[in-house]
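Before any comments, here is the structure.
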Amino acid sequence: MIGIIFASLLLGMVSGLLAGLFGIGGGMVIVPVLVFLFTAHGLPAELVMIMAIATSLATIILTAISSVLAHHQLGSVLWDKVVKLVPGIILGAVVGAAIAGYINAGFLKVIFIIFLLYVGIQMTLEIQPKTGSADYSKQIDFRVAGAIGLLSSLLGIGGGTLTVPYLVHCRYPMRNAVAIASACGLPIAVAGTISYMVLGMNAPNLPTGSFGYVYLPSFFGVALGSIFTAPFGAKLAHKLPAQQIKRYFSLLIFILAVKLMWY
């Protein structure tokens with residue numbers, strides 16, 4: 001178990017650095033690496049994917065709190081919009097976790113691979129969200145938020161890559177869109193984590209150290225590592241060539257997607 005804690009600590013340091021550099025959640029890196037790590041340490045094959053997703057969501061709780069506080073202090077979070085999105089997000093996150101608990105582990109992995117390829121292509125082509133022509137209604141907010149919560153919980157991510165384009169399409173400035181998305185990432189992570197814990201309480205073959213589908217040794221390792229490196233990554237973001245680094249990161253995403261195909 002010491003080995004997996006140490007490896008998770010290193011993973012947390014890398015994911016925190018990337019989150020600070022690019023302003024994205026670490027889920028898209030944490031989930032595939034945890035899959036490799038859990039597989040290498042002999043965790044049951046049928047549990048590897050869902051435990052990687054659940055553990056990733058649990059780590060996002062801490063990074064989301066830090067991010068929300070930072071954006072709130074800058075006055076960027078428009079809480080009225082957050083309040084409109086949260087009910088749909090929570091419902092979607094719970095449903096997403098429930099779906100993940102019932103679908104085949106291989107199909108769950110395919111969904112995540114498709115998501116990685118989607119993000120990788122967007123970053124490679126530098127596709128930017130397009131501003132829409134009108135504000136959306138409460139009903140549309142609820143439906144879209146539900147879809148974002150569902151997909152985020154199903155993938156083990158904070159949802160920023162899904163929430164920001166929607167908010168920009170609703171004519172919110174990018175600065176506010178990112179801040180609102182950060183605030184929405186917290187209920188996604190909390191609702192998803194609790195759901196995975198409850199749904200996995202009686203799951204067979206859970207390894208020692210599990211709380212439902214959340215693997216605590218990796219949770220603590222990743223969380224601790226990311227806390228120290230995220231601020232450092234944010235500082236580097238102002239010194240390094242952003243576009244060039246993004247291309248390198250998109251290459252990493254493609255490599256993770258291809259490697260995940262063979263696990």
Side-chain angles (χ1 to χ4, degrees), residues 4 6-41 48-49 51-60 62-64 66-67 108-129 151-152 154-165 178 181-182 185 189 218-219 221-263:
I4 204 167
F6 181 71
S8 298
L9 182 64
L10 292 177
L11 171 60
M13 294 173 70
V14 172
S15 65
L17 187 67
L18 293 173
L21 270 172
F22 304 113
I24 61 170
M28 69 180 69
V29 174
I30 293 172
V31 171
V33 175
L34 284 182
V35 168
F36 308 147
L37 188 59
F38 290 169
T39 302
H41 281 77
V48 164
M49 192 68 202
M51 290 189 70
I53 289 170
T55 305
S56 173
L57 275 176
T59 66
I60 289 172
L62 299 180
T63 54
S66 175
S67 178
L108 190 58
K109 183 169 68 173
V110 169
I111 295 173
F112 193 85
I113 290 170
I114 292 172
F115 169 71
L116 285 179
L117 294 174
Y118 162 75
V119 174
I121 291 171
Q122 280 211 320
M123 293 189 74
T124 301
L125 300 179
E126 299 181 10
I127 299 174
Q128 300 296 325
L151 287 172
S152 300
L154 199 60
L155 295 166
I157 62 173
T161 52
L162 304 172
T163 310
V164 170
V178 171
S182 296
S218 288
F219 161 70
V222 173
L224 184 62
S226 62
I227 288 173
F228 288 107
T229 56
F232 182 62
K235 292 179 181 178
L236 284 179
H238 297 285
K239 300 178 181 179
L240 299 177
Q243 296 306 318
Q244 185 176 356
I245 297 297
K246 274 194 173 183
R247 283 194 287 270
Y248 290 143
F249 185 54
S250 66
L251 178 60
L252 171 63
I253 291 174
F254 285 126
I255 292 172
L256 289 173
V258 172
K259 191 172 178 62
L260 198 57
M261 292 177 189
W262 303 104
Y263 268 76

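Everything numeric here is computed off the predicted structure, so don't read it as measured data.
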Which heavy atom of [X] sits nearest a heavy atom of [Y], and at what distance?
| X | Y | value |
| --- | --- | --- |
| Pro165 | Gly160 | CD-O, 4.0 Å |
| Ala257 | Leu117 | CB-CD2, 3.8 Å |
| Ser15 | Gly12 | OG-O, 3.1 Å |
| Gly158 | Ser152 | C-OG, 4.3 Å |

Gap between atom [atom2] of [Y] and atom [atom1] of [X] - 0.5 Å precision:
| X | Y | atom1 | atom2 | result |
| --- | --- | --- | --- | --- |
| Ile4 | Leu9 | CD1 | CG | 13.0 Å |
| Leu62 | Ser226 | CG | OG | 7.0 Å |
| Lys259 | Leu252 | NZ | CG | 12.0 Å |
| Leu155 | Met28 | CG | CE | 9.5 Å |

If you apply the rule side-chain contact (heavy atoms from CB on, under 4.5 Å), what do you find for Leu256 with Leu260, and how did you get there?
CA-CA 6 Å; Leu256 289 173; Leu260 198 57; over 6 Å; no
Under the side-chain hydrogen bond (donor to acceptor under 3.5 Å, both in side chains) rule, what pairs show up with a residue in residues 110-120, not counting sequence neighbours?
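Of all non-adjacent pairs touching residues 110-120, those that pass side-chain hydrogen bond (donor to acceptor under 3.5 Å, both in side chains) are Tyr118-Gln122.
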Could you check whether any side-chain N or O of Thr55 sits under 3.5 Å from a backbone N or O of Ala52, counting only pairs where one atom can act as donor and the other as acceptor?
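Judged by distance alone, no pair lies under 3.5 Å.
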Taking Ser56 for the side chain and Gly156 for the main chain, is one N or O donor matched with an acceptor at less than 3.5 Å?
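Yes; at least one donor-acceptor contact below 3.5 Å.
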Test side-chain hydrogen bond (donor to acceptor under 3.5 Å, both in side chains) applied to Ser250 and Thr124, step by step
CA-CA 6 Å; Ser250 66; Thr124 301; 3.3 Å; yes
List the atom pairs, donor and acceptor, that lie under 3.5 Å between side-chain atoms in residues 31-41 and the rest of the protein, sequence neighbours left out.
{"unit_1": "Thr39", "atom_1": "OG1", "unit_2": "Val35", "atom_2": "O", "d": "2.7"}
{"unit_1": "His41", "atom_1": "ND1", "unit_2": "Leu37", "atom_2": "O", "d": "3.1"}

Beyond-backbone contact of Ile30 with Ile157, side-chain heavy atoms, under 4.5 angstrom:
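Sidechains of Ile157 and Ile30: no contact.
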Who pairs with Phe115 by ring pair (Phe, Tyr, Trp, His ring centres under 6.0 Å), at least two apart in sequence or on another chain?
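So Phe115 forms no ring pair (Phe, Tyr, Trp, His ring centres under 6.0 Å) with any residue.
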